[in-house]
Amino acid sequence: MTLSFQSLGLSETRIQQLEQVGFTAPTEIQAQAIPHLLAGRDVVGQAQTGTGKTAAFALPILEQIDPTVQAVQALILTPTRELAMQVCQAIREFNEDRRIKTVTIYGGQSIEQQISGLRRGAQIVVGTPGRVIDLLSRGALKLDKLTWMVLDEADEMLNMGFIQDVEKILNQAPADRQTAFFSATMEPSIRKLVAKFLRSPITVTVEQTKAAPNRINQVAYSVPRGWTKSRALLPILELEDPESALIFVRTRRAAAELTSLLQEAGHSADEYHGDLSQSQRERLLLRFRQQQIRWVVATDIAARGIHVDDLTHVINYDLPDSVENYVHRIGRTGRAGKEGTAISLIHSMDRRKLRDIEHHVRQRLEFKSIPTRAEIEGRYLEKLQGQVREALSGERMASFLPIVSQLSEEYEPHTIAAAALQMIYDKTRPAWLTMGSDPVEEEYTRSGVPKPKPVKRGGRAPSANPGNKRSSARATSSK
DNA sequence: AAAAAAT
């Protein structure tokens, strides 16, 4: 097992730059692929997202680009615009001094800007197939000096029907070049493409042990019969109080509606879906990443590819259509070794989907009951206590001591502290706690539906469908 | 119904 970038053959300057951006040791895919790529071999890399594959091809490319040649020397194709942007951003991170010029080209944005970027002597181009072909046919993008060609997420590219576009581009690249394909799977169509366009490639594979990474804490809330999901969501959000969250819904319309509802409840939320223009999407993601918005309500447009650092929660307001999308969705959190929480709202209609999901991720979701006001208040008071502890360890507190001395001529210190806490409580408590009654507790009482007890679910899922004998019969027939 | 990509 290789443990340092030095031993992979990267230059000292590159390694220093890597250290500056926090890269100390190579990931498995990097350790396996970089030496071959530096040695001039074609490589097929089988690896999922989040394994560090961008650096695996970006570092050798940066190492071997000739900075004195003002022509496109590397072309990286990605299936989505989002991914193109992210790859480009990553390359810029590894290329701090900007000696090597990188541009991104994709649809939905001004083509003139991209053309002028190419004219200024771009050496690395990252792009989506459609716009790349467009620019090739306009003559704005020339590949005659190309020495590197990379296909990122090749399987996705083919799934989305880009095979003809991709072949057209590969055919226009000089034969004397180095080529790398990265793909999560190795289906026959990929193998065919590899056989056609790569020269005696070396295949490197990184095993993915689990369908869902276990640093993501997966929980579910059962939505009582007759309840709307939004009614269940609000108290859950109050209790969990996510620092940042992606909330997934099924339709664009639902995204817009839920966003208004959250905004009306005083939350920092915005929507993200296919009705938004490319620049609107980019602006929103920027605000989300800069933590100007805490929660984003999105369709499955955000299930893959979008990366937000430190995303603490993914919430499945509607369950996804496919189990694969469940894994992609929750994979937006728990990135870069951080912990994340994935919450799913389960309606009685969703039992079947839930079982498929649990089967696919090979684990049971932990069920919790919708929090009551008392629970939310308890959690909030805990948080308040933590904040007081933090203030006690600070220094700014000293400036308030004269006030306390003055008040303590009349009152006990305990009383003064409690009064101060009450003031903070009144100003900062969640909106949910200011309502007259507890709608959750009330609803449980009124409807006669027993409040679900948090259940640790073992080998089978008995509590999911109490009294429903058909459930076990269906379990055997589902695949 | 939604998503991806060239307009």
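Source: prediction; values computed, not measured. To find a chain, count down the sequence lines: A is the first, B the second, and so on, and within it residues start at 1.
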Think [X] has a side-chain N or O under 4.0 angstrom from the OP1 or OP2 of [N]?
X      : N     : result
A:R81  : B:dA5 : yes
A:R252 : B:dA3 : yes
A:T80  : B:dA3 : no
A:R253 : B:dA2 : no
A:T128 : B:dA6 : yes

If I take atom [atom1] in residue [X] and atom [atom2] in nucleotide [N], what distance separates them, rounded to the nearest angstrom?
X      : N     : atom1 : atom2 : value
A:E112 : B:dT7 : CD    : P     : 12 Å
A:L158 : B:dA5 : CG    : P     : 15 Å
A:L276 : B:dA2 : CG    : P     : 14 Å
A:Y317 : B:dA1 : OH    : C1'   : 17 Å
A:E324 : B:dA2 : CD    : C1'   : 16 Å
A:F162 : B:dA3 : CZ    : C1'   : 11 Å
A:I163 : B:dA5 : CD1   : P     : 18 Å
A:M160 : B:dA2 : CE    : C1'   : 13 Å

If you look at every strand shown and take non-hydrogen atoms under 4.0 Å, does [X] touch a base, only sugar-phosphate, or nothing?
X      : value
A:D165 : nothing
A:G161 : nothing
A:R329 : nothing

Return yes if a side-chain donor-acceptor contact under 3.5 Å exists between A:Y221 and A:E240, otherwise no.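 Distance-only check passes for A:Y221 and A:E240.
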Side chains of A:R351 and A:S222 only: does a donor on one sit below 3.5 Å from an acceptor on the other?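 A:S222 and A:R351 do have a side-chain donor-acceptor pair below 3.5 Å.
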Under 3.5 Å, is there a donor-acceptor pair between the side chain of A:R281 and the main chain of A:L276?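 It does hold such a pair.
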As a test of reading the structure: which of B:dA6, B:dA1, B:dA3 is closest to the side chain of A:R250, going by heavy atoms?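 Nearest nucleotide to the side chain: B:dA1.
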Answer whether the closest heavy-atom distance between the side chains of A:H313 and A:S244 falls below 4.5 Å.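 A side-chain contact is absent here, since even the closest heavy-atom pair is not under 4.5 Å.
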Is any side-chain heavy atom of A:I315 less than 4.5 Å from a side-chain heavy atom of A:R329?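 No; the side chains remain at least 4.5 Å from each other.
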